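Written below as structure tokens is the structure these notes are about.
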Amino acid sequence: MYANGKFVPENQPVISVFDHGFLYGDGVFEGIRAYKGRVFKLREHVDRLFDSAKAIDLDIGMSKEDMEEAILETLRQNNLKDAYIRPIVSRGNGDLGLDPLKCGKSNVFIVAKTMDSLYDVMELKAITVGIRRNAPDMLSPNIKSLNYLNNIMAKIEANAKGGQEAIFLDSNGYVAEGSGDNIFIIKNGIVYTPPTINNLKGITRATAIELLEKNKIPVRVENIGLFDVYTADEIFVTGTAAEAAAVVWVDGRTIGTGKTGPVTALMLKEFERITTTTGTEIYTKKAPTRAAAKPAAKTAAAKPAAAKPAAKPAAKAAAKPASKPAARTAASKTAAAKPAAKPAARTVAKTAVAKPAAKPAAKTAATKAPAKKPAAKPAAKKPATKK
Ligand SMILES: Cc1ncc(COP(=O)(O)O)c(C=O)c1O
């Protein structure tokens, strides 16, 4: 893993319990995926990471160019082509009070692992949960912060009620999003998704809108109520970890036919196409990061695909198949305890320590439901109403 400019074994303690990311959830993160040797929407994710940091007045302490290169180098160090990547920026070490002014430099970590889609089934049951999505005037859901308790509470409730995903309402009763994904409903050939005031500005959400519109399927960004959810012809959710999945049951109501509908199927197909054919190449000398466009700077960016470590190859870097595999390992887990001495610089270390990352504490998913694979359906009709 990347830790403040160095590459270290993923089970090596790298943060102190006095880091406010650990003490208070004071920090930000991203979830990014790589497919077939390319990082999907790298720039967008790095931009969002920096926006989240700016919103909480957190200095990441490195440039976007260096962050992009550090992400790519983390993948190279682990010989990964298909992976889930997690950059984490925490406030840094402080005292037991809340004050960020008393914290030192922020800590930056990047872990990358293989990870299948978040869900074990591709046709989900969702539960509308009682807990409301954080209001924008309380803690904006646009901030991808290290405090995900709001989302975790929703997940706990959905788990308890037999759903694979939660549907959050906002404090006004409008549909906001899932616990870790954005939501779309389809009615009479028109796709609706809520404005992002009450949900994360999902990068997969933006991609889905783009793909749908390219296929002449009208998309309307407007408030949605539960009535619209229950009476939808189709519903799907999108997210980097979740990728895209149909929701076929909500609060006891079967949605549409109870199967992946034609618009969702088209979207899934298009999504798979775009994720496997676009993105920033990991193992090329000319990865199109924004640094490549920059004048010869002193960033580590223009570096050639670093000396490949004999490090352990990614276990099952399987190119994502059209249909979903059943099994999946959980997101990386790294124990932490040690107050890592402050690093000096935070560019990508050239002489990175090749790390044969020790075995991850694998873990299987908690809730499981009857696995059903959608026989991906061809697209269908789409009225021309455009917003
Ligand atoms: C709360 C929440 N909403 C939506 C999303 C989907 O965002 P993206 O598509 O950028 O991964 C995520 C995942 O990051 C999330 O955690």
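Ligands are counted one by one from 1 in listed order, and the atoms in each one are counted from 1 as well. Count residues from 1 along the sequence. Everything numeric here is computed off the predicted structure, so don't read it as measured data.
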Inset, instruction - Check the pair Tyr174 / Glu222 against side chain to side chain donor-acceptor pair (under 3.5 Å), numbers first and verdict last. - result: CA-CA 10 Å; Tyr174 294 117; Glu222 55 186 62; over 6 Å; no

Inset, instruction - Please identify each residue that fulfils salt bridge (Lys or Arg N to Asp or Glu O under 4.0 Å) with Asp170, with sequence neighbours left out. - result: none

Inset, instruction - Tell me yes or no: between the side chains of Thr238 and Asp181, is some donor less than 3.5 Å from an acceptor? - result: no

Inset, instruction - For Arg132, enumerate each residue passing the salt bridge (Lys or Arg N to Asp or Glu O under 4.0 Å) test, keeping only those at least two apart in sequence or located in another chain. - result: none

Legend entry - Presence of salt bridge, Glu270 and Arg273, under 4.0 angstrom: yes

Legend entry - With Asn150 via side-chain contact (heavy atoms from CB on, under 4.5 Å) - residues at least two apart: Ile131, Arg133, Asn134, Phe168

Inset, instruction - With a 4.0 angstrom cut-off on heavy atoms, strictly below it, pick out the residues next to ligand 1 and order them by chain and number. - result: Arg48, Arg133, Lys144, Tyr148, Asn151, Glu177, Ser179, Gly180, Asp181, Asn182, Leu200, Gly202, Ile203, Thr204, Thr238, Gly239, Thr240

